[in-house]
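Numbered from 1 within each chain, the chains take letters A, B, ... in sequence-line order.
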Number of protein chains: 2
Amino acid sequence: MAAAPTGPPSPAKGRPRSAAADRAILDATRAALAELGWGGLTMGHVAERAGVAKTTLYRRWPSRNELVVDAVADLFEDLEIVDLGSLQADIEAVVQRFAALLSRPETQAALLALFAEGTRDPLLRRRIREAIVDPQKELVRCGRARAQERGELPPDADEAAAREEVDLIFDTIAGTVEHRILVSGESVGEAWIHRFTTLLLAPLSGLSAGRPAQRP
Amino acid sequence: MAAAPTGPPSPAKGRPRSAAADRAILDATRAALAELGWGGLTMGHVAERAGVAKTTLYRRWPSRNELVVDAVADLFEDLEIVDLGSLQADIEAVVQRFAALLSRPETQAALLALFAEGTRDPLLRRRIREAIVDPQKELVRCGRARAQERGELPPDADEAAAREEVDLIFDTIAGTVEHRILVSGESVGEAWIHRFTTLLLAPLSGLSAGRPAQRP
DNA sequence: CATATACGCTACGGCTCGTAGCGTAAAGAG
DNA sequence: CTCTTTACGCTACGAGCCGTAGCGTATATG
């Protein structure tokens, strides 16, 4: 789902759309976002920077929101969880990467502005979640399944409950990373990576009883 | 710090600024924000809705960001921690209120858009933090001090560490509330209020050793 | 070749921004 | 009461961006 979200890319008839233009536009969008911020991002700027006519932009994306969603989602595209041999290491790698992406100013400005718009647009919220948040959760579940195969983790007693637990915890992580970076202006360092990883591992490995947390 | 952030309000010379206009403008800003969203918020709309000339807006606030910061901060103004007799109840009340405020669509759209702009503006970040986040933390510290007076909590061994712990935990809460509402589209229910409260209480009462968390 | 689509370019109406100018309203100083 | 000072409402303005339309050209298929 890199670009051209609407309809078939080209039904093999007439001049095909330039893939280079797609890439140039997405790159230009991210660059303009990092340089000018959301408020300073204009379709004219993006078009000029990409070396493309403004009309070409509108031919592909109906609105600025759609364009930015694709531009940011493009960053999260090549995802895979490497097998580092232990659940701890695998999960930590995912969190590390997620935090790194959320630490980029361009990602921050884009996501927050999109969330702000998403307040009034449920479909936009859904697109953001599907393109960016869900894949990260899937990575964690993947690493978890692998740990179960290794015997490092007992098999799930309740599959649905386990999924929900990952959802909850991951929301905590993502939210905290954003908030930490944006409100306090501090980046997410190694200490926090460990903290988040631990937060993820505690319920997964059935250690949540060790916490005084009480969830009805 | 309700309005007119720049300079003295009126050096008792000439016609004084209308306090009613201030209130009308802030109210109109919040209303327009809730109705039209950040993208649809224009100075003209706010002025018209407030029954005020556009020039009056610019006389008080240099930019839209400043205006919205004040409009939202105004929501968090009348803060006080009521003594409910137990630390658990006091803290829970603070979290409850904070979550409720963050659950309002107008607050969400405003804060997120402000954070997005804050990505490029450290001063804006600072203003947001001082006006909105810090007071909430202060409330928690207040309730904590009261609990110590009651003997419910032992006195601090390390004052600075205790402050930092509140910072960290509260960032987690605030970030999670935002994320939960905006990404997953779910509100923060009673279960989460309890979860957050527990998260706050655990380190405060020295129970953090019970968690498997390891913070270097 | 004809056909069909994409592209770049130019131009347009509409909207918003932030400012300037002007006459009027509301306070204090003499 | 008069003078001064500041706030207010109103109008108008240049600038910038939006999103669209029209047109000629470029690049694919048959």
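Remark: B/Glu130 does not engage B/Arg127 in a salt bridge, criterion side-chain N to carboxylate O under 4.0 Å. Checked for salt-bridge contact, B/Arg49 and B/Glu35 meet the test: a charged N lies under 4.0 Å from a carboxylate O. For the pair A/Asp22 and A/Arg17, the salt-bridge criterion is not met [side-chain N within less than 4.0 Å of a carboxylate O]. Of the charged side-chain nitrogens involved, at least one lies within less than 4.0 Å of a carboxylate oxygen, so that B/Arg30 and B/Asp74 count as a salt-bridged pair.
In this structure A/Gln148 satisfies the side-chain hydrogen bond (donor to acceptor under 3.5 Å, both in side chains) test together with A/Asp156, sequence neighbours excluded.
One can place CH2 of A/Trp61 at 16 Å from C1' of D/dG19, the figure rounded to the nearest angstrom. In this structure, CG of B/Asn65 is placed 15 Å from C1' of C/dG18, rounded to the nearest angstrom. Summarising the geometry, the separation between CD on B/Glu48 and C1' on C/dC15 is reported as 14 Å, rounded to the nearest angstrom. When rounded to the nearest whole Å, the span between CG of B/Leu57 and C1' of D/dG9 equals 12 Å. Whole-Å rounding puts the B/Leu67 CG to C/dC17 P distance at 11 Å. Look at CZ on A/Arg15: it is 9 Å from C1' on C/dT5, rounded to the nearest Å. Rounded to whole Å, atom P of D/dC3 lies 15 Å from atom NZ of B/Lys13.
OP1 and OP2 of C/dG18 both lie 4.0 Å or more from every side-chain N or O belonging to B/Arg59. The phosphate of C/dA6 has OP1 or OP2 within less than 4.0 Å of a side-chain N or O from A/Arg17.
Of the possible polar contacts, none joining the B/Arg60 side chain to the B/Ala21 backbone as a donor-acceptor pair under 3.5 Å is found. Looking at B/Glu117, its side chain does come within 3.5 Å of a backbone N or O of A/Gly39 through a donor-acceptor pair.
Surrounding CD of B/Glu48 are at most 12 heavy atoms belonging to other residues, nucleotides or ligands under 6.0 Å away.
Taking both residues in full, the closest heavy atoms of B/Leu114 and B/Val68 are given as CD1-CG1, 3.9 Å, listed atom of the first, atom of the second, then distance.
Checking C/dT19, D/dC8, C/dA6 against the side-chain heavy atoms of B/Tyr58 singles out C/dT19 as nearest. The B/Ala21 side chain lies nearest to D/dC8 when the options are C/dA20, C/dG8, D/dC8. For B/Pro16, the listed nucleotide lying nearest its side chain is C/dA27; candidates were D/dA21, D/dG9, C/dA27. Of the candidates D/dC18, D/dT5, D/dA7, D/dC18 carries the atom nearest the A/Lys54 side chain, counting heavy atoms from C-beta on.
Counting non-hydrogen atoms under 4.0 angstrom, A/Thr55 reaches a base of the nucleic acid.
Terminal axes of the helix from C/dC1-D/dG30 to C/dG30-D/dC1 (five pairs each, C1' rotation axis) are separated by 10°, to the nearest 10°.
The stretch residues 39-47 of chain A touches DNA chain D through A/Thr42, A/Met43, A/Gly44, A/His45, each having a heavy atom under 4.0 angstrom from the strand.
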